[in-house]
Protein chains: 2
Amino acid sequence: MKNFVKEKRMEFNLTQDDLSEKLDVSRQTIISLEKGRYNPSIILAFKLSKLFNCTIEDIFIYEEGEENE
Amino acid sequence: MKNFVKEKRMEFNLTQDDLSEKLDVSRQTIISLEKGRYNPSIILAFKLSKLFNCTIEDIFIYEEGEENE
DNA sequence: GATGAATGTCAAGCTCACTTTACAAACTAT
DNA sequence: ATAGTTTGTAAAGTGAGCTTGACATTCATC
């Protein structure tokens with residue numbers, strides 16, 4: 001799943017550490033998210049959308065049938 | 001997290017078994033979701049939103065700070 | 001060039017979303 | 001009554017999202 005976490009974070013002038021604290025997750029989680037190493041939980045996706053004042057769909061792009069086969 | 005999976009499913013006249021097949025998850029997953037036993041993965045939330053032709057936010061209601069303390 | 005801030009890797013561990021199987025309860029219908 | 005469909009519970013297992021900690025790299029800036 002593609003995401004715009006890094007872009008949104010930079011729009012808000014936040015470091016990875018800043019963001020991790022605001023979201024109450026570890027810095028590793030932010031790094032791995034931005035690198036696309038795994039998908040966020042829906043809770044984390046909601047937290048991001050509220051912080052960035054947008055929708056989940058604005059941050060995460062899901063392409064139909066991308067997850068497995 | 002509150003959700004409207006059961007309501008949406010009934011709008012579309014689907015059984016839990018129908019829905020589980022369309023989403024490619026187990027029937028248990030649908031039951032537990034509707035009963036609010038756990039939160040969906042973001043992948044499952046996206047699948048539901050595409051199937052029901054709406055946004056994730058239309059189906060799942062996240063209240064700020066509900067997850068822990 | 002040393003110091004500090006920001007980003008990154010690696011690895012081990014925990015929790016929970018989801019699976020599978022088996023069985024029970026409720027509600028049709030014949 | 002009994003057979004089929006739908007919804008439910010219980011329990012054990014797997015995998016991924018996330019954590020912690022330690023250490024490496026890059027880039028300012030002094």
Side-chain angles (χ1 to χ4, degrees):
Chain A
M1 166 158 358
K2 184 163 171 40
N3 76 69
F4 297 103
V5 172
K6 184 170 191 174
E7 288 80 355
K8 288 285 183 184
R9 174 172 65 81
M10 301 188 96
E11 275 181 34
F12 282 71
N13 282 311
L14 298 171
T15 67
Q16 291 177 340
D17 206 48
D18 291 336
L19 184 56
S20 71
E21 284 180 8
K22 281 180 185 287
L23 298 172
D24 202 37
V25 296
S26 70
R27 193 169 58 87
Q28 260 308 318
T29 296
I30 305 300
I31 293 175
S32 295
L33 251 190
E34 291 189 356
K35 291 276 166 185
R37 293 218 174 84
Y38 49 63
N39 302 320
S41 68
I42 196 171
I43 294 291
L44 183 49
F46 265 115
K47 284 180 175 178
L48 281 159
S49 73
K50 298 251 178 181
L51 181 61
F52 292 145
N53 200 35
C54 62
T55 67
I56 291 179
E57 289 84 355
D58 286 333
I59 310 178
F60 296 95
I61 309 299
Y62 173 73
E63 300 291 342
E64 211 124 13
E66 77 179 41
E67 73 285 350
N68 50 7
E69 232 29 61
Chain B
M1 163 156 0
K2 183 164 171 37
N3 77 68
F4 297 102
V5 173
K6 184 169 191 174
E7 288 81 354
K8 288 285 184 184
R9 175 173 64 81
M10 299 188 97
E11 275 182 32
F12 282 72
N13 281 313
L14 298 171
T15 67
Q16 292 176 339
D17 205 50
D18 291 337
L19 184 56
S20 72
E21 284 179 9
K22 279 179 185 291
L23 298 172
D24 202 37
V25 295
S26 70
R27 192 170 59 88
Q28 261 307 318
T29 295
I30 305 301
I31 292 176
S32 295
L33 253 190
E34 292 188 356
K35 290 277 167 184
R37 294 218 173 83
Y38 49 65
N39 302 320
S41 68
I42 196 173
I43 295 290
L44 183 49
F46 264 115
K47 284 179 175 180
L48 281 159
S49 73
K50 299 252 177 178
L51 181 61
F52 291 145
N53 199 34
C54 61
T55 68
I56 290 178
E57 289 83 354
D58 285 333
I59 310 177
F60 296 96
I61 309 300
Y62 172 74
E63 300 291 343
E64 211 123 13
E66 77 178 44
E67 73 286 348
N68 51 7
E69 231 28 60

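Just so it is clear, the structure is predicted and the values come from calculations on it, not from any experiment. By convention in this document, chain letters (A, B, ...) are assigned in the order of the sequence lines, proteins followed by strands, and residues within each chain are numbered from 1.
Other residues, nucleotides and ligands place more than 12 heavy atoms under 6.0 Å from the NZ atom of B:Lys50.
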Test side-chain contact (heavy atoms from CB on, under 4.5 Å) on A:Lys22 and A:Leu14 and set out the steps. CA-CA 10 Å; A:Lys22 281 180 185 287; A:Leu14 298 171; 3.8 Å; yes
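Summarising the hydrophobic clusters (Ile, Leu, Val, Met, Phe, Trp, Tyr; side-chain heavy atoms under 4.5 Å, direct or chained), the residues clustered with A:Ile61 are A:Phe4.
A:Ile31 places its CD1 atom 16 Å from the P atom of D:dA22, with the value rounded to the nearest Å. The separation between A:Leu23 atom CG and D:dG17 atom P is 17 Å, rounded to whole Å. Computed from coordinates, the B:Met10 CE to D:dT7 C1' distance equals 10 Å when rounded to whole Å. As rounded to whole Å, 12 Å separates atom C1' of C:dT19 from atom CG of B:Asp24. Put simply, CZ on B:Arg9 is 12 Å from C1' on D:dG8, counting in whole angstrom units. If you take CD of B:Glu21 and C1' of C:dC18, they are 17 Å apart, rounded to a whole angstrom.
Considering NZ of B:Lys6 and CE of B:Met10, their distance stands at 6.0 Å, rounded to 0.5 Å. Note: B:Asn53 CG to B:Lys8 NZ = 9.0 Å, rounded to the nearest 0.5 Å. One finds the CG atom of B:Asp58 at 10.5 Å from the OG1 atom of A:Thr55 (value rounded to the nearest 0.5 Å). The structure places CD1 of A:Ile30 at 5.0 Å from CG of A:Leu23, a figure rounded to the nearest 0.5 Å.
Distances shorter than 4.0 Å separate none of the side-chain N or O atoms of B:Thr29 from OP1 or OP2 on C:dC18.
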Write out a two-atom table: protein N or O, nucleotide N or O from nucleotides 21-25 of chain C, distance below 3.5 Å.
none

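Nearest approach of B:Asp17 to B:Arg27, heavy atoms of both residues: OD1-CD, 3.6 Å. For the residue pair B:Leu33 and B:Tyr38, the shortest heavy atom distance occurs at CD2-O, 3.7 Å. Nearest heavy atom pair, residue A:Pro40 against residue B:Ile42, reads O-CG2, 3.3 Å.
Comparing the helix axis at one end of the helix from C:dG1-D:dC30 to C:dT30-D:dA1 with that at the other, each defined from 5 consecutive pairs, gives an inter-axis angle of 30° (nearest 10°).
With sequence neighbours excluded, the residues forming a side chain to side chain contact (heavy atoms under 4.5 Å, CB included) with A:Ser49 are A:Phe46, A:Ile56, A:Ile59, listed by chain and number.
Within a heavy-atom distance below 4.0 Å of DNA chain D, the residues of residues 32-42 of chain B found are B:Lys35, B:Arg37. Within residues 13-20 of chain B, no residue has any heavy atom under 4.0 Å from DNA chain C.
Placement of B:Phe60 and B:Ile31 in two distinct hydrophobic clusters is found when ILVMFWY residues are connected by side-chain heavy-atom separations under 4.5 Å, directly or transitively.
Considering B:Glu21, B:Gln28, B:Glu34 as possible partners of B:Gln16, the one that fulfils the side-chain hydrogen bond (donor to acceptor under 3.5 Å, both in side chains) test is B:Glu34.
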